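Data block below; observations after.
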Amino acid sequence: MTIFARFAVLLNDALDALVAADALPADLERKNVVVEPPKDAAHGDMATNAAMVLAKPAGTNPRALAELLVAELQKLDSISSADIAGPGFINLRLDPSVWGAELTAIAEFGDEYGQSDIGTGKAVNVEYVSANPTGPMHMGHCRGAVVGDALASLLEFAGHKVIREYYINDAGGQVDTLARSAHLRYLEALGETIGEIPEGLYPGDYLKPVGNRLAKEFGNKYSGADEGEWLALFRKEAVSDMMDMIRGDLALLGIHHDLFSSEAALHEEGKAEAAEKYLRKNDLVYDGELEKPKGKEIEDWEPVTLPLFRSTQYGDDQDRPIKKSDGSWTYFGADLAYHYQKSQNADRLIDIWGADHAGTVKRIKAAVNALTGGETEFDVKLVQMVRLLRGGEPIKMSKRSGNFVTIADMVEEVGKDVVRFTMLTRKSDAQMDFDFTKVIEASKDNPVFYVQYAHARICSTLRKGMDEEGFAPSAEHIDLLGAEELALVREAANFPRIVESAAKAAEPHRVAFYLNDLASAFHTYWNLGNDQPDKRFILGQNKQLSEARLFLAANIGQVIRNGLRLLGVEAAESM
RNA sequence: GCGCCCGUAGCUCAGUCGGAUAGAGCAUCAGAUUCCUAAUCUGGGGGCCACAGGUUCGAAUCCUGUCGGGCGCACCA
């Protein structure tokens, strides 16, 4: 329970006391009452809106109610003062021992400080990346990958059981293209002259090693053979190599999935048929004609009859086909079966998608709703486009020429931590610009270093305290800490609250911004020591205060580490 | 034409369930280093929160409309 939640309980008790004294109606809705940090730290340690929220339904005015409440709250030892401010806020100042206790709690919980149980062990499946297994990861995949990974960590920390899943689209037409491209490279590896890669195949050099491997493994067995003899095999082999490569790229970003699910396997197991059968039985799939698409002229348009899912019943613009006219499954047809499969092992599903797939959200939500009878919570988190720039000019990425910025390039140039932190310091439903040149040039000014530097400073101070004076962090005399030090504790105590709200909102970027605030508070305090030597952490002549301050520093460091861990960013010990 | 997302300082972005004087970084200007890491700190300038209505004690936040930008709109993935 966060320190704010604990005071919310005390506030609730105070309200009960007013009810018991007939000063307040018993049946008031209290859910909008909050205890939170005040906007301005000068207002105190905590603030509540209780009087403003409850005054109207209680038939009184905010100030009058606030006065009653203040009288109750002041009875508590842990509250040193309660004042009414502005339109009816109640600002609380806490007894310093409360902050001391919180500081000790950070030390006790260590890596677990900030953990929450609001997830109540509910199993959440987070599906992210799921890039097509046809080439290396490029920057277009990066944001979703990082956001998904951080979200998964965050939910885990907030008390969920998390499954990190990757869906391998290894059944569509693009995999045939991959197989043919790999076959060409295979011929090349056998010494044949292949010339320029034909239009419609993947030209990238990354397929050369695949060709080499296949040549080594199969010799010239498939060099003059009909496509029918090798296509399935090459598909499987090439996909496997691509997935190895993708896993390698993800590892560079520090991303690891628990589960890789194959679309092809889904079909082999007849999952899509089963879903279709179920939906037909419930009259949610029928044979019908597709409408002519609007807003776009299609020359060879002809109406066809296909099995359609009634997504219009769930607010979609039109019913959607689950099979193509050649009888094979559409992406959607497979996808609904896939989501049904995921729902078997999770209470909640979260998909991280690129914004270019926004148009398909309604239909898949509808399908999950239909297949699970609304039992499984399902959210799609859309991650908006990243516009890639170099020196202010948009980078033209062309698959044809194989000219795109890969994640491997990016990580090599600016480092994993910078890439991750940059992607995580904006909310994901707004577009962002990522200027390659700027990020590389300004890498020294990158906000990630600001946070890491605070941590490094702390580590260095702890080392110095030990090496030069033999001082070790100790909670023994934390009552010696003054207002400035306790302000730092107050900032650190915000962490559990941020974890909870970020998890609830599925917004990992809040953690990044919080860490920036915490680092800022630390740097500010640190610099007090420049002008006022008695504010330094290590005071040779005062062991007790030094050890208390080192204890403070150590635990600020602990919170920074915990936060960075959620973001997948290293907590540097020196810089 | 329709759907989804966005519009906050010169730039990149935060802004919690509707709450107090709208914040940070970069850039810019003025300062701080015989001192625990200056990759830091302190201060200044810079805002019609796109625009117009509405809801209410109170709106950057919620609703409606307008304008502007992005993405999508076969059976592709």
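Chain letters run A, B, ... following the sequence lines, proteins first, then strands; residues in each count from 1. Just so it is clear, the structure is predicted and the values come from calculations on it, not from any experiment.
- Listed pair A:Arg457 / B:A38 meets the phosphate criterion, a side-chain N or O lying under 4.0 Å from OP1 or OP2.
- Between B:C36, B:A20, B:G3, one nucleotide has an atom nearer to the side chain of A:Pro38 than all others, and that is B:A20.
- Backbone-only contact: A:Lys362 has heavy atoms under 4.0 Å from sugar-phosphate atoms and none from a base.
- OP1 and OP2 of B:C35 both lie 4.0 Å or more from every side-chain N or O belonging to A:Trp526.
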Take A:Tyr166 and A:Tyr128, measure what ring pair (Phe, Tyr, Trp, His ring centres under 6.0 Å) needs, and give me the verdict at the end.
CA-CA 6 Å; A:Tyr166 186 121; A:Tyr128 58 108; 8.4 Å; no
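- Among the nucleotides B:U40, B:U37, B:C5, the one closest to the side chain of A:Asp429 is B:C5.
- Nucleic acid contact class of A:Gln174 (heavy atoms, under 4.0 Å, all strands): sugar-phosphate only.
- Residue A:Asn49 contributes atom CG, which lies 16 Å from atom P of B:C57 at whole-angstrom precision.
- Among the protein residues, A:Ala85 comes within range of the nucleic acid bases, having at least one heavy atom under 4.0 Å from a base atom.
- Summarising the local packing, NZ of A:Lys543 is surrounded by 12 or fewer heavy atoms from other residues, nucleotides or ligands at distances under 6.0 Å.
- Look at CZ on A:Phe89: it is 15 Å from P on B:G58, rounded to the nearest Å.
- In this structure, CD1 of A:Ile458 is placed 16 Å from P of B:A39, rounded to the nearest angstrom.
- Among the nucleotides B:G70, B:G19, B:A77, the one closest to any side-chain atom of A:Gln384 is B:G70.
- Side-chain atoms of A:Met432 lie closest to B:C13 of the nucleotides B:U37, B:C13, B:G15.
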Evaluate ring pair (Phe, Tyr, Trp, His ring centres under 6.0 Å) for A:Tyr453 paired with A:His523, printing each intermediate quantity in order.
CA-CA 9 Å; A:Tyr453 183 48; A:His523 286 309; 5.5 Å; yes
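- B:C63 and B:C75: their P atoms are spaced 31 Å apart (whole Å).
- Among the atoms of the strands shown, none is found under 4.0 Å from any heavy atom of A:Asp534.
- In this structure, the OH atom of A:Tyr338 is 17 Å from the P atom of B:A77, given to the nearest Å.
- The distance from atom CD1 of A:Ile118 to atom C1' of B:U16 is 13 Å, rounded to the nearest whole Å.
- Distance noted for atom C1' between B:U16 and B:A60: 14 Å (whole Å).
- For A:Lys427, the side-chain atoms get nearest to B:A14 when compared with the rest of B:C75, B:A14, B:G70.
- A distance-only check finds no donor-acceptor pair linking the side chain of A:Asn91 to the backbone of A:Ala47 [under 3.5 Å].
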Taking distance alone, no hydrogens or angles, what donor-acceptor pairs closer than 3.5 Å link side-chain atoms of residues 356-368 of chain A to residues at least two apart or in another chain?
residue  : atom : partner  : partner atom : Å
A:Thr360 : OG1  : A:His357 : O            : 2.8

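- We find that NZ of A:Lys56 is positioned 13 Å from P of B:U55, with the value rounded to whole Å.
- Separating the C1' atom of B:G19 from that of B:U37 is a span of 41 Å, rounded to the nearest Å.
- Along RNA chain B, the nucleotide nearest to A:Arg320 and the one nearest to A:Ser574 differ in position, and the one closer to the 5' end is contacted by A:Ser574.
- Ranking B:C17, B:A74, B:U56 by closeness to the A:Arg510 side chain, first place goes to B:C17.
- Residue A:Ser325 places a side-chain atom within donor-acceptor reach of the base of B:C75, judged by atom type and a 3.5 Å distance cut-off alone.
- Ranked by how close their nearest RNA chain B nucleotide is to the 5' end, A:Leu382 and A:Ala47 are led by A:Leu382.
- Nucleic acid contact class of A:Gly529 (heavy atoms, under 4.0 Å, all strands): base.
- Counting only heavy atoms from C-beta on, A:Asp356 has its side chain closest to B:G72 among B:C5, B:G72, B:G15.
- Using modelled atom types and a 3.5 Å distance limit, the side chains of A:Ser328 and A:Asp326 yield a donor-acceptor pair.
- Side chain of A:Leu306, nearest nucleotide from B:U12, B:C75, B:A38: B:C75.
- When distances run from any side-chain atom of A:Leu290 to the nucleotides B:C75, B:A39, B:A20, the shortest one goes to B:C75.
- Taking atom P in both B:G45 and B:A24, one finds a spacing of 12 Å when rounded to whole Å.
- Rounded to an integer number of Å, the gap from CZ of A:Arg426 to C1' of B:A14 is 11 Å.
- For the C1' atom pair drawn from B:A27 and B:G65, the interatomic distance equals 37 Å after rounding to whole Å.
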Give each protein N/O atom lying under 3.5 Å from an N/O atom of nucleotides 23-26 of chain B, with the pair distance.
none

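- Here A:His357 does not lie in a stacked arrangement on the base of B:G72, lacking the combination of planes under 30° and ring centres under 5.5 Å apart.
- Taking the six-membered ring where tryptophan is involved, the planes of A:Trp329 and A:His267 are essentially parallel, since the angle between them stays under 30° and well short of 60°.
- Checking A:Tyr167, A:Tyr331, A:Phe332 one by one against A:Tyr338, the ring-ring contact (aromatic ring centres under 6.0 Å, His included) holds for a single residue, A:Tyr167.
- Helical stems in RNA chain B, defined as runs of 3 or more consecutive Watson-Crick or G-U wobble pairs with donor-acceptor distances under 3.5 Å: B:1-7 with B:67-73, B:10-13 with B:23-26, B:28-32 with B:40-44, B:50-54 with B:62-66.
- Side-chain atoms of A:Arg536 do not come within 3.5 Å of backbone N or O of A:Gln532 as any donor-acceptor pair.
- When each of B:C41, B:G7, B:U37 is scored by its nearest atom to the side-chain atoms of A:His523, the top-ranked nucleotide is B:C41.
- Residue-level contact check: A:Gly173 touches the backbone only, with heavy atoms under 4.0 Å from sugar-phosphate atoms and none from bases.
- One can find a donor-acceptor pair under 3.5 Å joining the base of B:C35 and the side-chain atoms of A:Arg536.
- Taking the C1' atom of each, B:A14 and B:A22 are spaced 11 Å apart, rounded to whole Å.
- With C1' as the reference atom, B:G15 and B:G47 are 14 Å apart, rounded to whole Å.
- Of the possible polar contacts, one joining the A:Thr48 side chain to the A:Val34 backbone as a donor-acceptor pair under 3.5 Å is found.
- When the side-chain nitrogen and oxygen atoms of A:Thr524 are compared with OP1 and OP2 of B:U42, one or more of them lie within a distance under 4.0 Å.
- With hydrogens and angles ignored, the 3.5 Å screen pairs no side-chain donor or acceptor of A:Asn555 with any backbone N or O of A:Gln558.
- Residue-level contact check: A:Ala454 touches neither bases nor backbone, having no heavy atom under 4.0 Å from any strand.
- Relative to the ring axis of A:Phe309, A:Arg320 does not place its NZ or CZ within 45° and under 6.0 Å from the centre.
- Summarising the geometry, the separation between CD on A:Glu484 and P on B:C41 is reported as 16 Å, rounded to the nearest angstrom.
- Between A:Arg280 and A:Glu276 there is a salt bridge, since at least one side-chain N of the basic residue sits less than 4.0 Å from a carboxylate O of the acidic one.
- Looking at heavy-atom distances under 4.0 Å, A:Val361 makes no contact with the nucleic acid at all.
- At B:U37, one or more side-chain N or O atoms of A:Ser460 fall inside 4.0 Å of OP1 or OP2 (strictly under the cut-off).
- Ring geometry, A:His138 versus A:His141: the interplanar angle falls from 30° to 60°, so the pair is classed tilted.
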